[in-house]
Amino acid sequence: MSDTLERVRKIVIDHLDADPDKVTEKASFIDDLGADSLDNVELVMAFEEEFDIEIPDDAAEHIQTVGDAVKFIDEKLAG
Amino acid sequence: MRRVVVTGLGLLTPLGWGVEHTWKGIVEGRSGIGPITNFDTEGYGCTIAGEIPSVDGRGGGGVPGEPGVFDHEKVMSPKDRKRVDDFIVYAIAAADEALADANWKPETDEQRERTGVMVGSGIGGLGPIADTAIILKEQGPRRVSPFFIPSALINLTSGQISIRHGLKGPNHSVVTACATGAHAIGDAARMIALDDADVMVCGGAESSIVPIGIAGFLACKALCTAFNDTPEKASRPYDKDHAGFVMGEGAGIMVLEEYEHAKARGAKIYAEVVGYGMSGDAYHITAPSETGEGGLRAMKAALKRAGMQPSDLDYVNAHGTSTMADWIELHAIEQLVGDHAKNLAVSSTKSMTGHLLGAAGAIESIFSVLAIRDQIAPPTINLDNPEEETAIDLVPHKGKPMKIDVAMSNSFGFGGTNASVIFKKVV
């Protein structure tokens, strides 16, 4: 498991009070983990803070799953 | 117009969590005031308040599971709590209790659509507003939480309660400073009387014991600063040593119901809401008119609506905030009742709870209803040396058993807004 995935999972588990077993790469924040649109905004803010990056609004709209977040963050960190 | 009765009660006050727990303390004359634990009061002229005794240690705290000690986690998960400021949590907790007490669980579409919510607050989410302003200044707009606005908005009390219980009737909210709770109950009763709903969940909630709240009321010269070392003695309406109000927090919620609807389902009926009167002082932003004529007109309007005479009143729960305004209100009551003064009991339960601002009128309406249920007038504590003489019994120190068929609750707010609600025993 990548370091990014582990850190993303931790944020998602904490913020959504989610069952860790359900927080897989494929898990959708809204469809699988009980989030609403405001939770998604908060998750994106938490990712920005954790990884010290900026996630523009149009990119944030496409981050719907744990895997989406990991992919975006890894690409961003790779420059 | 349709008759409206009280069928459920819920309380969360500085005296504890739950109607019976708070009421026992009130009748015994127990103070809920203590040192502020919610923040460091270094540099503040006032260091005391009526905080909710909670398992996290707030308000003197207590052991989880101990009667009357508030436990946030029994009301909301940590995930949901970040979406709401404390005043909303308090409103939800009191509404849960009131709906359970009323044994009202609307299940059909019609029942849900005929059950509404009318809960207000005096100033709502002051805490998150202040905290978010600091984040905005220090970290910029992108760090403002998406939950900031819905956690601070006053009508999210009514919104959250409706979502939690599936209540799809009128959804409204009152904001009239310290008269909020009384206006919410009176307005909700009207919605039932006018057939907009059969059941209304109504009342007020407040959580302003935060740095900006204490500093703001200190700046108005409204708060008591003279009893920081003896907090239980600080709130002393009618006493010659009164020195300003003591802030409290919490919520009071009533379930009101159309009379035939309540009877048909065999609901327990506490009392009938028979009168509701309102007025404006048109005088000053924070002070009542010197003659108390605004409050007097609200009381007269409530009696008129009830079709009653002043001599029908047995007990009045006064606004009585432990300020110079206490005697202005009392003189207005004397003027209203004339010779009946000698038969009348008037007390200020703020002597025990402190002033819960937007929740005050709601918790005090509930105390008025319980006074009718138990035939006991709650006391005014700390009334050691009345500042003036009066023929009215101010019920010093301990509750007094007496005949109470009709009770009125007065609430007056900044801006010169006044409300009186009258409750009557149902025989």
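A, B, ... follow the sequence lines: proteins, then strands. Residue 1 opens every chain.
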Study note, to complete from the structure: Among residues 48-60 of chain A, residues within the sub-4.5 Å heavy-atom range of chain B, in order of number, are Glu48(A), Glu49(A), Glu54(A), Ile55(A), Asp57(A)

**Study point:** Contact residues of residues 24-41 of chain A (partner chain B; heavy-atom separation under 4.5 angstrom)
**Key:** Gly34(A), Asp36(A), Leu38(A), Asp39(A), Val41(A)

Practice item. Could you pull out the closest heavy-atom pair between Pro146(B) and Met45(A), with the gap in Å? Key: CD-SD, 3.8 Å

Exercise for review: Return the minimal non-hydrogen interatomic distance between Asp17(A) and Lys79(B), and the atom names on each side.
Suggested key: CB-CB, 3.7 Å

For [X], I'd like to know if atom [atom1] has over 12 heavy atoms of other residues, nucleotides or ligands within 6.0 Å.
{"X": "His165(B)", "atom1": "NE2", "value": "yes"}
{"X": "Gln139(B)", "atom1": "CD", "value": "yes"}
{"X": "Lys82(B)", "atom1": "NZ", "value": "yes"}

Exercise for review: Please look at Arg143(B) and chain A and tell me whether the side chain, the backbone, both or neither of the residue comes under 4.5 angstrom of a heavy atom of that chain.
Suggested key: both

